[in-house]
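In what follows, a single structure is set out as structure tokens and then discussed.
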Amino acid sequence: MSAAKAITPDVLVVGGGPAGLSAATTLRELGVDKVVLLERDTVVGGIPRHCGHSPFGMREFRRILSGTRYAARLEARARDRGVEILTRHSVLSVGDGVVRAVSPDGPSEFRPRRILLATGTREASRAARLVSGERPLGILNTAALQAYVYLEKLAPFRRPVIVGTELVAMSAILTCLSGGIRPAAVIEANADPTARFPFWLLPRLLGIPVHYRTEIGAINGKDRVQEVLARSQAGELGIDCDGVLFTGAFTPESALARLGGLAIDQGSGGPVVDAFGRTRDGAIFAAGNLLRPVETAGWCWAEARRIAGSIARDLEGGLSPRRASIPIRTGAGIKLVVPQEIDSKEIDRVDLPRALPELQLRFSERLRGTLTLSAGDSVLWSRRITSAPERRILIPTAHLAIPPAATELTLQVVQSKAP
């Protein structure tokens with residue numbers, strides 16, 4: 001292997017989805033001289049580039065676009081602002097201020113002043129869900145379906161069973177319709193849909209049966225899927241179909257963060273960050289769906305712009321060095337919180353905008369009660385709340401009166417669970 005080329009940008013962005021493109025573009029708009037973006041695929045755009053349906057782009061471009069056109073616009077804007085985009089670059093390691101990558105042209109070594117990880121998220125596979133049965137053709141996840149329908153103009157099946165009711169499942173239904181595919185059923189393990197109203201109405205409006213409190217038990221078929229055995233409290237149900245589409249159950253693509261020795265939060269699956277998007281390695285920031293699974297493209301785009309502002313400010317010496325911050329612990333039923341740490345010395349500085357101005361929470365189950373944020377016996381914030389799993393909950397942090405002696409904060413839901 002030839003010697004690695006040494007490149008020294010001001011900021012290196014790893015990942016070319018909406019978050020990575022947004023951050024790179026914003027950094028250039030803020031005057032950062034050399035911004036390089038690495039993408040392992042042949043084109044940038046992330047998940048939206050596979051989506052031939054709308055709606056994308058209202059927040060970013062003030063118009064409704066298909067995912068494909070939205071991704072193309074993000075790329076065009078980044079290139080127009082002077083971002084150097086390097087595709088087909090697979091990052092091998094991140095650590096000690098050095099990022100090593102390989103491409104068809106050989107190895108490269110980057111020594112940036114700051115690094116932004118925006119490696120996104122992925123859907124849980126059949127193996128990760130521990131679904132038994134035979135292994136015939138016709139078992140896909142949403143990304144593969146979208147690539148077949150929108151990029152290859154192919155229909156991988158005609159009557160699939162869709163597993164999951166997250167927003168991405170509704171996107172999968174739209175993709176199916178675009179490809180002349182009619183889902184046989186939707187299966188959801190929980191008692192309620194995960195997607196918010198009115199999105200979860202889509203299968204009902206289309207006459208697609210939805211089975212709640214139901215899990216996929218086994219997949220049967222020889223050359224191709226022929227039947228799914230679904231299990232519920234009412235018993236076992238056989239569904240004739242020619243495919244299975246696994247949607248949702250996202251996990252952050254945190255392999256690089258883990259290999260780089262960054263602290264990983266067990267709740268979110270992404271790196272531990274502070275309110276500026278900094279990991280515990282103060283020179284490495286994180287953005288987008290690497291922080292938590294999963295937010296919309298527009299949310300990631302806007303959040304990454306704010307994190308880019310933190311990076312630009314840090315390059316100018318406007319952020320204090322990363323210190324040991326106050327950790328945020330979560331109680332029963334709270335799946336995750338982002339950020340996971342707060343620096344009490346900087347939280348009251350009105351001249352220092354935070355990239356993550358709220359604590360972002362998700363529940364792992366339906367809860368009803370009083371959500372509280374406490375420092376010891378002192379309640380800093382509270383609110384009556386009823387929320388389903390995976391709903392975004394925001395707690396503003398701008399005016400929290402954190403006691404100087406606080407060593408940790410605690411988030412919990414007090415009182416009873418919702419019936």
Side-chain angles (χ1 to χ4, degrees), residues 13-27 37 39-41 43-79 81 83 85 87 116-123 141-147 149-151 164 166-175 178 194-196 199 202 247-253 268-270 277 285-309 338 355-356 360 362 390-392 394:
V13 178
V14 182
L21 288 167
S22 170
T25 301
T26 303
L27 286 164
L37 183 148
E39 169 57 49
R40 65 186 177 186
D41 210 335
V43 295
V44 294
I47 291 174
R49 74 182 182 86
H50 295 285
C51 301
H53 60 75
S54 60
F56 290 86
M58 283 297 296
R59 190 189 311 234
E60 304 87 332
F61 301 108
R62 299 293 187 269
R63 61 184 61 192
I64 297 176
L65 302 170
S66 69
T68 306
R69 293 180 59 200
Y70 168 77
R73 281 194 171 219
L74 290 180
E75 178 184 5
R77 179 181 282 182
R79 292 188 184 278
R81 300 299 191 273
V83 177
I85 297 176
T87 58
L116 174 65
L117 298 179
T119 47
T121 187
R122 55 183 168 79
E123 289 175 296
N141 63 14
T142 311
L145 170 69
Q146 291 171 334
V149 172
Y150 293 128
L151 302 184
E166 294 184 39
L167 186 60
V168 69
M170 306 305 114
S171 173
I173 291 173
L174 294 176
T175 301
S178 297
T194 304
R196 288 181 177 271
F199 301 107
L202 180 62
T247 71
F250 286 95
T251 303
E253 285 279 15
S268 68
F285 291 69
N289 281 325
L290 174 60
L291 294 180
R292 94 265 80 192
V294 58
E295 286 289 357
T296 63
W299 179 276
C300 293
W301 175 88
E303 186 176 74
R305 284 178 61 84
R306 298 194 300 271
I307 291 173
V338 177
L356 304 173
Q360 305 169 22
R362 301 282 181 84
E390 302 297 339
R391 299 289 195 269
R392 182 198 307 143
L394 303 177

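Using modelled atom types, one finds no donor on one side chain facing an acceptor on the other under 3.5 Å when comparing Gln360 with Arg392.
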Apply side chain to side chain contact (heavy atoms under 4.5 Å, CB included) to Glu303 and Leu356, showing your working. CA-CA 7 Å; Glu303 186 176 74; Leu356 304 173; 3.4 Å; yes
Go through Leu21 and Leu37 one step at a time and tell me if the side chain to side chain contact (heavy atoms under 4.5 Å, CB included) criterion holds. CA-CA 8 Å; Leu21 288 167; Leu37 183 148; 4.0 Å; yes
Could you walk me through whether Phe56 and Arg69 pass side chain to side chain contact (heavy atoms under 4.5 Å, CB included), step by step? CA-CA 9 Å; Phe56 290 86; Arg69 293 180 59 200; over 6 Å; no
Stepwise side chain to side chain contact (heavy atoms under 4.5 Å, CB included) check, Ile47 with Thr142: CA-CA 10 Å; Ile47 291 174; Thr142 311; over 6 Å; no
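The heavy-atom pair separating Ala287 from Ile307 by the smallest distance is CB-CD1, 3.7 Å.
A cation-pi arrangement is not found for Arg122 relative to Phe250, the charged atom failing to lie both closer than 6.0 Å to the ring centre and inside a 45° cone about the ring normal.
With respect to the salt-bridge test (charged N to carboxylate O, under 4.0 angstrom), the residues Glu390 and Arg292 do not qualify.
Distance alone, capped at 3.5 Å, is enough to place a donor-acceptor pair between the Thr119 side chain and the Glu253 backbone. Of the possible donor and acceptor atoms, one in the side chain of Arg391 sits under 3.5 Å from a partner among the backbone N and O of Thr194.
Sparse packing is recorded around CZ of Arg40, with 12 or fewer heavy atoms of other residues, nucleotides or ligands lying under 6.0 Å away. Residue Leu151 places its CG atom among more than 12 non-hydrogen atoms of other residues, nucleotides or ligands, all under 6.0 Å distant.
Residues Gln146 and Ser171 meet the side-chain proximity criterion, which asks for heavy atoms closer than 4.5 Å. Side chains of Arg305 and Glu60 form no contact here, defined as non-hydrogen atoms less than 4.5 Å apart.
Atom CG of Leu291 and atom CG of Leu117 lie 10.0 Å apart (nearest 0.5 Å).
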